[in-house]
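Worksheet: the structure to be examined is printed underneath.
Below, chains carry the letters A, B, ... as their sequence lines are ordered, and counting in each starts from 1.
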Amino acid sequence: MKHNGLKGMEDILPPDIAVWQSVESSAREIFGRYGFQEIRVPILESTDIFIRGIGEATDIVEKEMYTFMDKGNRSVSMRPEGTAPVVRSYVEKNLHTMPSPQKYFYSGPMFRYERPQKGRFRQFYQIGAEAFGIAAASMDAELIIMLKNLLEAIGLSDLNFEINSIGCAACRPAYRSALLDFFGDRRSEYCPDCQRRYETNPLRILDCKVPQCGQLRQGAPTVAGYLCEDCRTHFDEVLAILNSFRIPHTLNPNLVRGLDYYTKTTFEVTSEHLGAQKAVAAGGRYDKLVEDFGGPATPAIGFAMGMERIVTLLKERSEIKQRAPKVFVATLGKEAELEGFRIVETLRAQGVWAEQSYGSASLKSQLRRADRLSSEFALIIGENELRSGKLQWKDLKKSEQGEVAAADVVSFFQSE
RNA sequence: GUGGGUGUAGCUCAAUGGCAGAGCACUGGACUGUGGCUCCAGUCGUUGCGGGUUCGAUCCCCGUCAUCCACCCCA
């Protein structure tokens, strides 16, 4: 009986895994320089932290969560994103008592029950960063610059940075009602999805892809005109810093983040080389969330990167190189086999990747295996070599061969 | 949840209403202790599954499942 993995759940195998590891280690390295420390939070959380955090009326909460009752009859959910659990932890562990800002990053799987498509999976991996305690625009800018530095470090420099401000609790209601007024006039002419959005999330009408809707919304009020004094100056400062650091970015007044908790700055990094799911990273400020979770009023901002999408781009850009052993030890006869095993272990103990041939086979087939592993060298041990104490080495790339004393094998391969 | 494309060997894909194929990969040999290149041979299939039409279906029809892409939504 053959079993299949679940829909939208992918295996990550070598050699791809090397790309994942290199992105993760770059993230660790660069986040570290910015003072972001790793935080590991559970995959399973009480359902209500996502309802509170992401928003009751969002698709994620309404229809995409893996939610079930545990054996204690509590409703639990597999995390569909990382911010809500981190905020829960920040509040629960009283991390606001630590010096501000507190900066954290996380890495791991998220789960959403959606139809898979290019760049979208039911289990997908995010690396995210969250900074708590600073309201200043320099925090926004620092986070965006850090993200850019990371993406460039891993070899992605042709990405689009889009940025917007969606206001705060003080100014968003006015903007929202202005939009409702505008859309309401010709509401029946919009697509069915937009008519639904009119009720659920009118800001979404702004980035509807239906051409008809694009026409109709010409002249719609923009968020810029409705930002309050505080949001306006904050956004201007963010942009001013990005400009002074020469960080290319596009103002996108239609950039609407779907999660309820966002305030003020929102941003998204997209690629032209992906399918419809082209956002490789996205984030924004969420100045009210900590308070909503029962903590002290604490401004915060964060982002998350979609690992699969980043790995897709990196794989397009360069061949993944297979790891290959330094030396493959081929042996003939029982005695040589044991001696070979000893040498392999000695090499490994000294940090050299060595492979052995596991039992008897013709020398030909052993060398064929060495070649298939792309081993750099073969080391041949047979009766002659045992007798003389001189082992045959062969450089499989250059097709050169020579001998080396058994006692010198380690230094030979270490220096080669 | 909605719409469309695709399901044939381990992989990439042919084929015809009439015996299911190729390339790659794999194993062995040519080469008895020397890989790659070449040549030769060999292994691998309920043509996704179920039903229907037909003398006969991998092909046509219906259903179903899987998968991919797109919508919705989102990293």
Side-chain angles (χ1 to χ4, degrees), chain A residues 2 4-10 54-55 57-65 79-83 107-129 147 191-194 196-197 200-201 204 207-210 255-259 262 267-271 274-284 302-313 328 330-333 336 357 360-386 391-401:
Chain A
K2 228 172 167 178
N4 297 327
L6 295 177
K7 186 199 287 286
M9 309 259 171
E10 301 260 299
I54 300 166
T58 59
D59 277 18
I60 292 178
V61 166
E62 261 181 5
K63 45 192 198 199
E64 294 175 2
M65 284 207 297
R79 60 185 188 192
E81 57 104 43
T83 300
S107 167
M110 307 296 164
F111 302 83
R112 290 181 201 171
Y113 192 87
E114 302 179 271
R115 284 282 277 272
Q117 69 184 78
K118 189 174 175 67
R120 168 190 289 171
F121 308 92
R122 288 185 171 179
Q123 172 170 339
F124 59 101
Y125 289 76
Q126 289 188 335
I127 295 182
L147 174 58
C191 72
D193 278 328
C194 281
R196 180 179 48 76
R197 289 174 180 125
T200 58
N201 190 351
R204 282 249 159 257
D207 62 1
C208 178
K209 291 165 192 160
V210 176
L255 177 60
V256 179
R257 308 268 70 241
L259 285 53
Y262 284 116
F267 57 94
E268 187 167 295
V269 185
T270 61
S271 166
L274 294 169
Q277 309 304 319
K278 59 182 187 169
V280 302
F303 67 78
M305 318 191 303
M307 280 293 283
E308 287 82 358
R309 297 175 187 179
I310 284 170
V311 169
T312 298
L313 291 174
F328 182 98
T331 60
L332 291 161
S357 58
S360 56
S362 68
L363 182 61
K364 180 187 187 60
S365 77
Q366 292 186 58
L367 287 176
R368 186 155 42 220
R369 284 187 45 211
D371 187 60
R372 281 181 37 214
L373 293 171
S374 301
S375 181
E376 199 177 337
F377 287 91
L379 185 68
I380 300 165
I381 310 173
E383 288 175 20
N384 301 339
E385 288 76 14
L386 285 179
L391 310 182
Q392 293 287 325
W393 59 263
K394 181 165 189 176
D395 185 323
L396 295 172
K397 308 270 183 262
K398 298 182 195 156
S399 258
E400 290 167 3
Q401 191 161 344

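- Straight-line distance between the C1' atoms of B:C44 and B:U54: roughly 32 Å, to the nearest whole Å.
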- [ ] Would you give a per-nucleotide map of nucleotides 29-41 of chain B, 5' to 3', where B means the base has a protein non-hydrogen atom under 4.0 Å away, S means only the sugar-phosphate does, and - means neither?
- [x] --B-BBBB-----

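- Distance alone, capped at 3.5 Å, is enough to place a donor-acceptor pair between the A:Gln366 side chain and the A:Thr331 backbone.
- A:Arg112 contributes a side-chain N or O that, together with a main-chain N or O of A:Pro80, makes up a donor-acceptor pair within less than 3.5 Å.
- Here, B:G36 and B:A25 have their C1' atoms 16 Å apart, quoted to the whole Å.
- Atoms CG (A:Leu255) and P (B:A75) sit 10 Å apart, rounded to a whole Å.
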Which atom pairs link the protein and nucleotides 67-69 of chain B when you take only N or O atoms and keep those under 3.5 Å?
unit_1 : atom_1 : unit_2   : atom_2 : d
B:U67  : OP2    : A:Lys7   : NZ     : 3.0
B:C69  : OP2    : A:Lys118 : N      : 2.8

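- Judged by distance alone, with hydrogens and angles left aside, the side-chain atoms of A:Arg309 form a donor-acceptor pair with the main-chain N or O of A:Gly119 at under 3.5 Å.
- Comparing the C1' positions of B:C37 and B:A30 gives an interatomic distance of 14 Å, to the nearest angstrom.
- Going from atom CD1 of A:Ile127 over to atom P of B:A75 covers 16 Å, rounded to whole Å.
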- [ ] Apply the test side-chain contact (heavy atoms from CB on, under 4.5 Å) to residues A:Leu363 and A:Leu332: give CA-CA distance (whole Å), side-chain angles for both, the deciding distance (0.1 Å), then the verdict.
- [x] CA-CA 7 Å; A:Leu363 182 61; A:Leu332 291 161; 4.2 Å; yes

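- The CZ atom of A:Phe303 sits 10.5 Å away from the OG1 atom of A:Thr83 when rounded to the nearest 0.5 Å.
- The salt bridge (Lys or Arg N to Asp or Glu O under 4.0 Å) check on A:Arg196 picks up A:Asp193, with sequence neighbours excluded.
- Along RNA chain B, the nucleotide nearest to A:Val280 and the one nearest to A:Arg196 differ in position, and the one closer to the 5' end is contacted by A:Arg196.
- Under the 4.0 Å criterion applied to side-chain N and carboxylate O atoms, A:Arg120 and A:Glu114 are assigned as salt-bridge partners.
- Other residues, nucleotides and ligands contribute only 12 or fewer heavy atoms inside 6.0 Å of the CD atom of A:Glu383.
- Checking A:Lys63 against A:Ala304, the closest nucleotide of RNA chain B that is more toward the 5' end is the one next to A:Lys63.
- At a threshold of 4.0 angstrom between heavy atoms, the contacts of A:Ala281 are confined to the sugar-phosphate backbone, with no base atom among them.
- Evaluation of the ring-ring contact (aromatic ring centres under 6.0 Å, His included) rule for A:Tyr125 yields A:Trp20 as partners, not counting sequence neighbours.
- The P atoms of B:U6 and B:G48 are separated by 13 Å, rounded to the nearest whole Å.
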Please table the atom pairs, donor to acceptor, closer than 3.5 Å between any side-chain atom in residues 275-284 of chain A and protein atoms at least two apart or in another chain.
none

- [ ] Evaluate the side-chain contact (heavy atoms from CB on, under 4.5 Å) criterion for residues A:Ile127 and A:Met307: first the C-alpha distance (whole Å), next the side-chain angles of each, then the deciding distance (0.1 Å), finally the verdict.
- [x] CA-CA 7 Å; A:Ile127 295 182; A:Met307 280 293 283; 3.6 Å; yes

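- Per the geometry, CZ belonging to A:Phe124 stands 8 Å off P belonging to B:A75, to the nearest Å.
- Secondary-structure stems of RNA chain B, taken as three or more successive Watson-Crick or G-U wobble pairs (i with j, i+1 with j-1) under a 3.5 Å distance threshold, comprise B:1-7 with B:65-71, B:10-13 with B:21-24, B:26-30 with B:38-42, B:48-52 with B:60-64.
- Nucleic acid contact class of A:Glu114 (heavy atoms, under 4.0 Å, all strands): base.
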